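Note that the coordinates shown come from a computational prediction; the quantities given were computed from them, not determined experimentally.
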2 protein chains.
Amino acid sequence: MEAIVKRFKEQLEQLRVYDHAMGILYYDMETVMPKGAFALAGDTLGALSEVSYKLRTDETFVSDMQAILANPDQVDPITLCEAKRMNEDRERIACIPIEEYVAYQVESTAAFSAWQEAKAKNEFALFLPHLEKLIDYTRRFALYYKPDAPVYDTLLDEYEKGLTTEMLDGFFRDVRSALVPLIDRIRKNGYQPDTSFLEQRYPIEKQRELTKTLMQVMCMDPDHSTCGEVEHPFTTNFTKADVRITTHYYEDAVQSSMYSVIHEAGHATYELNVGDEIARSPLGTGVSMGVHESQSRFFENIIGRSEPFIEAVYPKLTELFPEQLKGVSAHAFYLAVNKAEPSLIRTEADELTYSLHIMVRYELEKQLIAGTLKAADLPKAWNAMYREYLGIDVPNDTMGVLQDSHWSGGSFGYFPSYAIGSAYGAQLLKRMERDLDVWGLAKAGNLAPIIAWLKERIYQYGCRLDPKELMEQAFEAPFDPNYYIEYLTEKFTELYRL
Amino acid sequence: MEAIVKRFKEQLEQLRVYDHAMGILYYDMETVMPKGAFALAGDTLGALSEVSYKLRTDETFVSDMQAILANPDQVDPITLCEAKRMNEDRERIACIPIEEYVAYQVESTAAFSAWQEAKAKNEFALFLPHLEKLIDYTRRFALYYKPDAPVYDTLLDEYEKGLTTEMLDGFFRDVRSALVPLIDRIRKNGYQPDTSFLEQRYPIEKQRELTKTLMQVMCMDPDHSTCGEVEHPFTTNFTKADVRITTHYYEDAVQSSMYSVIHEAGHATYELNVGDEIARSPLGTGVSMGVHESQSRFFENIIGRSEPFIEAVYPKLTELFPEQLKGVSAHAFYLAVNKAEPSLIRTEADELTYSLHIMVRYELEKQLIAGTLKAADLPKAWNAMYREYLGIDVPNDTMGVLQDSHWSGGSFGYFPSYAIGSAYGAQLLKRMERDLDVWGLAKAGNLAPIIAWLKERIYQYGCRLDPKELMEQAFEAPFDPNYYIEYLTEKFTELYRL
């Protein structure tokens, strides 16, 4: 068994090497690669993914895993868990013919590039053929894996193990029935905070300094983290040694990058704090997108858009932007960054109406994957649903169906993670408040104890526990979306004095 | 033979994939990777280089190459040349035991990181143990390859095929005996141009705009090129589809990045213009560092520091920096960026005294490799030689022996390429002037015909010709360093009215 474990670990290290190389290439494509090199990078990624596929489905590797799984008493718990995870991974991909697997990698690079161009030119037609191919691949791969399961459930399970359409339908129904009347009351109420000071010119050099401060407040170790500049912010990591957030600076919207940075820093904090004992293991990363988004949205909204936290960072804001924030109190800033109003762009949406953006995507994804909505009809369906759910007209596809990158990367079933994550966050807060003076800490800008609490309950485990098990352990209770509904209702009732 | 060629080409594509992945990782390390991840990247690079080594020395690959080389009439000239180059490459590495080859890759990553820290902290001792190891590896590898040749000649040959210590000794003797009296006459003359306007504050945002303009003037296609920001500028490329220059902006020295960008753009122009028929071939890149530096230094100095070129870009400079250049004529700017004076930093040195910086490094390298100078004694020897050759005192190691990155990457024998390249450039100019109105074009900011001329004679060939053959074909004559001496003498005699 010792020899088996040694060989198994060596193969895991080989896999890490290919993941690292491919991850850096993807990061490079998103940040600096000139677009004329995307085809070349696609070929390189295709070739590397072929090697990765072979390593992950290699006969000796599979028999080693099975030997480990068959003898749980003879190995340490980390190795056992690694074998379990790698076996799940193998089951998901080994059913896909290798040529299709590689062709998909190459196609998804081309699709990403086509989407970028389509968005820049406001021409959905440029992206359409790629979108069709990606939907086709996605559906095919899901059916290879689980021929008898509803395809969309298989996809959901990939991003948040255990999540189903049935559960989400109920979740979104509850959320919608609570939030739509609340949003209506705000609309009828007529009052909106002053946000004019946010629309001034905030020099990008100064915004970069703000990013540094926020990363410090989020306890991100500069030896192991960095912030890049991209069109669509994301976080990526190569083990916990190298965790990268990204942002996009808009000179006329300081809050955009500010909250994007806090959001991505929430993802990064999760990755930076997995246990050292699994630092280089495939277990040493966040377990699911739902849990990940729970962290990013917890820090972005629950902490970051709270009045105590804004009070903590406000001296830095006024130091960097004395002209722009002249005569603006921390309280006025707090009201402005919480202005709730249906809008066009998901990533810029306020905390209250955000879930409606997710619901639109959820409904459309389901139909695209079921085949009841053709990709060609997507822009029309998108616009109709924005009218129905958010009451607004979409002026063009760039600000509509082309706004997000997810589908261009073949990520169908990802979006619900944002809503589930938000709901996890609200329940975490309730539990956390029993142990910590959350708002006292936020007001002091001292997030370290909050991060330590989350590390203890969530981060350190990496992928060692399934999402459901992990979150129930953290909550000390089953998941209950009512915390989310209560949190939003309370916050916005008070904010808008309803 | 058809099957052999097909298999040979597939292996070349595999090699390209690994070169691409490793190259992007190196680029990432130099530009964005947090330093706490260097050890991880070192392991990844080690593992990838092991695969690359195996691909390059693989038995079937070797027998395919030999079959191609034995049947030159049965294959096209490009394939034949590829086999020749890959066989040379194999001869150079197959003699190195694979464990040592991989260990060297890992060590050179560690050395680079240690050098960065040593330079930042002005602590040569941090770098010393790594330097010792690198010298040891370098010497060992050279002796594996050519047990009976002088080690330093083997190294020179790697960067500029055919170059020898004997030839360089003569070259530097001639250059030195011509330039030292010239530099002396300038010193005694007493006159120096006004450079005070260069020492003002030039905002980095504006300098970034200048970079864009310079890249346009250098005809760099933005779909295939980009400019990154680093501590020590360099150029790298992944086929001709993705050619990257880098620069470093100093707010109080606009000419630093300006000439760095033109220098690196000279490298990039070479890579961007290799023939399309060898675009993805191992032949599709610059043939040697000497030829490469001939291009970078031709554009940086011969074109970029000429009065006609400065007249061409001066309207942009005054548009970007109206305050800083108020009352400063193009002629005054020309004089200022050509100020000749012994100085501390190679990359900031003027065209005239530059070769003295190279001579220092050349003499020290020879001794380090011969073992007549111990690495521990290098700072002392460096400082003594700066006194002797340039007449100046080195205040600390950061501005002395630690200033350049080359040795930290194991590049011993590289530095002479800069001087040889400068000399190539002067001879190219002479030949070019017979075909083109070089100065009329420079004055019009129209470098396209100059680049086309260089493409015709040099760039398109990539590695298809040896440096000597290539340059003699371009010169239509043997290499003659007197052109370089004459060029400098003429330019600086006129500049300083000697």
Side-chain angles (χ1 to χ4, degrees), chain A residues 10 13-29 31-51 113 203-205 208 215 220-229 236-244 246 251 268 272 279-280, chain B residues 10 13-29 31-51 113 203-205 208 215 220-229 236-244 246 251 268 272 279-280:
Chain A
E10 280 165 4
E13 169 63 9
Q14 278 292 305
L15 271 167
R16 185 203 61 73
V17 164
Y18 283 87
D19 282 348
H20 195 184
M22 287 191 280
I24 295 277
L25 254 163
Y26 281 119
Y27 184 83
D28 189 273
M29 285 180 72
T31 51
V32 292
M33 188 178 289
K35 67 172 195 268
F38 280 16
L40 182 84
D43 288 348
T44 299
L45 286 165
L48 294 173
S49 72
E50 183 172 343
V51 182
S113 168
I204 286 171
E205 281 301 330
R208 289 197 182 103
M215 288 169 77
M220 290 174 68
D221 178 352
D223 279 358
H224 293 288
S225 58
T226 181
C227 181
E229 296 180 23
T236 191
N237 68 297
F238 314 104
T239 80
K240 65 182 288 188
D242 186 353
V243 182
R244 303 180 185 188
T246 56
E251 208 168 48
L272 285 165
R280 278 215 192 183
Chain B
E10 282 166 2
E13 169 63 9
Q14 277 292 306
L15 271 167
R16 185 202 62 73
V17 164
Y18 284 87
D19 281 349
H20 195 184
M22 286 191 281
I24 295 279
L25 254 163
Y26 281 118
Y27 184 83
D28 189 273
M29 285 180 73
T31 52
V32 291
M33 188 178 288
K35 68 171 193 263
F38 279 15
L40 182 83
D43 288 348
T44 298
L45 286 165
L48 294 173
S49 72
E50 182 171 343
V51 181
S113 167
I204 286 170
E205 281 301 329
R208 289 197 183 102
M215 288 171 77
M220 289 175 68
D221 178 352
D223 279 358
H224 293 288
S225 58
T226 181
C227 182
E229 297 180 24
T236 191
N237 69 297
F238 313 105
T239 80
K240 64 183 288 187
D242 186 351
V243 181
R244 305 179 183 188
T246 57
E251 208 168 45
L272 286 164
R280 277 214 193 185

Side-chain touch B:Glu50/A:Val17, heavy atoms, less than 4.5 angstrom: no

If you take all heavy atoms of A:Pro34 and B:Pro222, which pair is closest and at what distance? CB-O, 3.8 Å

If you count heavy-atom pairs under 4.5 Å with chain B, which of A:Glu13, A:Arg280, A:Glu205 comes out on top? A:Arg280

Counting heavy-atom pairs closer than 4.5 Å to chain A, which one of B:Met33, B:Arg244, B:Gln14, B:Lys240 comes out on top? B:Arg244

May I ask you to name which of B:Leu45, B:Val243, B:Asp242 has the most heavy-atom pairs under 4.5 Å with chain A? B:Asp242

At their closest point, which heavy atom of B:Ala21 faces which heavy atom of A:Ala21, and how far apart are they? CB-CB, 4.2 Å

What residue, out of B:Val32, B:Thr31, B:Ile24, has the most heavy-atom pairs lying under 4.5 Å from chain A? B:Ile24

Portion of B:Phe238 that has a non-hydrogen atom of chain A nearer than 4.5 angstrom: both

Out of A:Leu48, A:Asp43, A:Ile204, return the one with the most heavy atom pairs under 4.5 angstrom to chain B. A:Asp43

Mind checking the NE2-CG spacing from A:His20 to B:Asp28? Nearest 0.5 Å is all I need. 7.0 Å

